[in-house]
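Heads up, the thing below is written out as structure tokens.
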Amino acid sequence: MAGEGARLDRPSERRRFRLPRWDPEAFGKASERIARFLGTGRFIVWMTVFVTVWLGWNILAPERLRFDSFPFIFLTLMLSLQASYSAPLILLSQYRQADRDRVTLEQDRARDERSIADTEFLAREIAALRMGMGEVATRDWIRSEFQDLIKEVEREGAKGRAAPSPAPSPAPSPAPSPAPRDERDR
């Protein structure tokens with residue numbers, strides 16, 4: 001046996017034609033730039049100038065300098081070639097835009113779900129606070145209690161004026177003043 005390449009028990013490997021490799025992201029970005037240019041007024045103006053010059057040259061130039069006579073077959077071929085490349089590039093850029101829109105939509109949906117969850121949480125917290133506020137004195141309740149107390153004091157005051165007041169009690173004697181700090185520390 002001569003070597004590994006001559007083995008008969010293994011099929012030989014196919015020799016493939018290697019295609020050049022490219023970065024799909026860079027190709028996508030380039031196609032978007034081209035599609036963006038194809039959708040502008042500038043492209044329409046340049047295409048109009050190109051076709052006008054082509055037609056003008058092939059109609060008005062001397063017979064020996066014309067390269068595409070009246071049916072303008074070569075011009076039709078050029079425009080068809082341009083259209084055949086433009087359509088896939090435009091589709092590719094639309095697919096990429098649709099992917100970006102889908103990601104943005106998913107992010108918006110997730111943000112909306114978080115917002116709804118936060119709103120529901122806050123609504124539950126507010127409901128709990130309102131339930132707790134049933135046991136807490138509110139401004140109106142305190143006001144009504146004060147009004148009741150004022151009325152009660154006024155009634156007591158009216159009763160007190162009608163009855164003789166008791167003798168005043170003797171004033172309490174003043175408390176002894178503390179010794180100066182210097183003397184206490186000794």
Side-chain angles (χ1 to χ4, degrees), residues 1-140:
M1 305 251 183
E4 287 293 314
R7 291 194 56 166
L8 297 176
D9 61 339
R10 290 189 188 160
S12 62
E13 292 184 24
R14 285 186 176 175
R15 295 188 182 188
R16 296 181 187 154
F17 178 70
R18 299 259 176 179
L19 294 175
R21 294 185 181 234
W22 62 87
D23 181 21
E25 187 67 23
F27 186 75
K29 287 180 181 179
S31 69
E32 285 179 349
R33 281 193 300 260
I34 292 169
R36 214 172 288 128
F37 174 70
L38 291 176
T40 62
R42 186 184 335 171
F43 171 75
I44 293 172
V45 168
W46 280 110
M47 184 58 84
T48 304
V49 167
F50 174 77
V51 170
T52 305
V53 168
W54 186 289
L55 293 175
W57 181 268
N58 287 300
I59 291 173
L60 302 175
E63 188 71 36
R64 60 185 171 81
L65 295 177
R66 294 181 192 171
F67 54 88
D68 193 16
S69 58
F70 169 66
F72 306 113
I73 302 292
F74 192 52
L75 176 63
T76 305
L77 178 67
M78 296 292 289
L79 293 176
S80 297
L81 182 66
Q82 183 267 330
S84 68
Y85 274 98
S86 297
L89 291 175
I90 291 169
L91 284 174
L92 179 62
S93 68
Q94 287 176 342
Y95 289 147
R96 287 174 52 89
Q97 183 62 43
D99 289 342
R100 281 193 299 271
D101 291 344
R102 182 182 44 77
V103 168
T104 303
L105 179 67
E106 290 172 359
Q107 291 173 346
D108 288 347
R109 188 172 291 143
R111 189 179 317 115
D112 290 345
E113 288 173 0
R114 284 192 307 268
S115 177
I116 289 170
D118 290 346
T119 303
E120 289 173 353
F121 171 76
L122 290 173
R124 286 192 302 271
E125 289 295 315
I126 289 172
L129 286 173
R130 284 185 177 168
M131 289 173 60
M133 288 294 291
E135 301 168 6
V136 176
T138 62
R139 181 181 55 181
D140 295 335

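Computed from heavy atoms alone, side chains included, the values below leave out hydrogens, waters and symmetry copies.
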Next on the checklist: ring-ring contact (aromatic ring centres under 6.0 Å, His included), that's the test. Do Phe74 and Trp54 meet it? Break it down for me.
Outcome noted: CA-CA 10 Å; Phe74 192 52; Trp54 186 289; 5.4 Å; yes

Checklist entry - Under the side chain to side chain contact (heavy atoms under 4.5 Å, CB included) criterion, do Phe72 and Ile59 qualify, and how do the steps go? => result CA-CA 10 Å; Phe72 306 113; Ile59 291 173; 3.8 Å; yes

Next on the checklist: Does Asp101 form a side chain to side chain contact (heavy atoms under 4.5 Å, CB included) with Leu105? I'd like the steps, not just the answer.
Outcome noted: CA-CA 6 Å; Asp101 291 344; Leu105 179 67; over 6 Å; no

Next on the checklist: Is there a side chain to side chain contact (heavy atoms under 4.5 Å, CB included) between Phe121 and Asp118? Walk through the geometry before answering.
Outcome noted: CA-CA 5 Å; Phe121 171 76; Asp118 290 346; 5.6 Å; no

Next on the checklist: Walk me through whether Trp57 and Leu65 qualify under side chain to side chain contact (heavy atoms under 4.5 Å, CB included).
Outcome noted: CA-CA 8 Å; Trp57 181 268; Leu65 295 177; 4.0 Å; yes

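Side chain of Asn58 to backbone of Ser69: no donor-acceptor contact under 3.5 angstrom is found. With hydrogens and angles disregarded, no donor-acceptor distance shorter than 3.5 Å links the side chain of Trp46 to the backbone of Gly41.
More than 12 heavy atoms of other residues, nucleotides or ligands sit less than 6.0 Å from atom CZ of Phe67. Within 6.0 Å of CZ in Arg42 there are 12 or fewer heavy atoms belonging to other residues, nucleotides or ligands.
Put simply, the side chain of Phe27 reaches to within 4.5 Å of the side chain of Leu92, judged on heavy atoms. Two residues are said to be in side-chain contact when any heavy atoms from C-beta on lie closer than 4.5 Å; Glu32 and Leu89 fail this criterion. Contact of the Tyr85 side chain with the Ile34 side chain is not registered, since no non-hydrogen atoms from C-beta on lie closer than 4.5 Å. Residues Phe37 and Thr40 form a side-chain contact, since some pair of their non-hydrogen atoms from C-beta on lies under 4.5 Å apart. The closest side-chain heavy-atom distance from Arg114 to Arg109 is not below 4.5 Å.
Rounded to the nearest 0.5 Å, atoms OG (Ser31) and NZ (Lys29) are 11.5 Å apart. Distance CZ/Arg100 to OH/Tyr95: 15.0 Å, rounded to 0.5 Å. A distance of 7.5 Å separates CG in Leu60 from CZ in Arg66, rounded to the nearest 0.5 Å.
Taking all atoms of both residues into account, the shortest heavy-atom contact from Leu75 to Asp68 is N-OD2, 2.9 Å. Closest approach of Ala35 and Ser93 over heavy atoms only: CB-OG, 3.3 Å.
Classification of Asp108 and Arg111 as a salt-bridged pair holds, one side-chain N sitting under 4.0 Å from a carboxylate O. The pair Arg96-Glu25 counts as a salt bridge, with a side-chain nitrogen and a carboxylate oxygen less than 4.0 angstrom apart.
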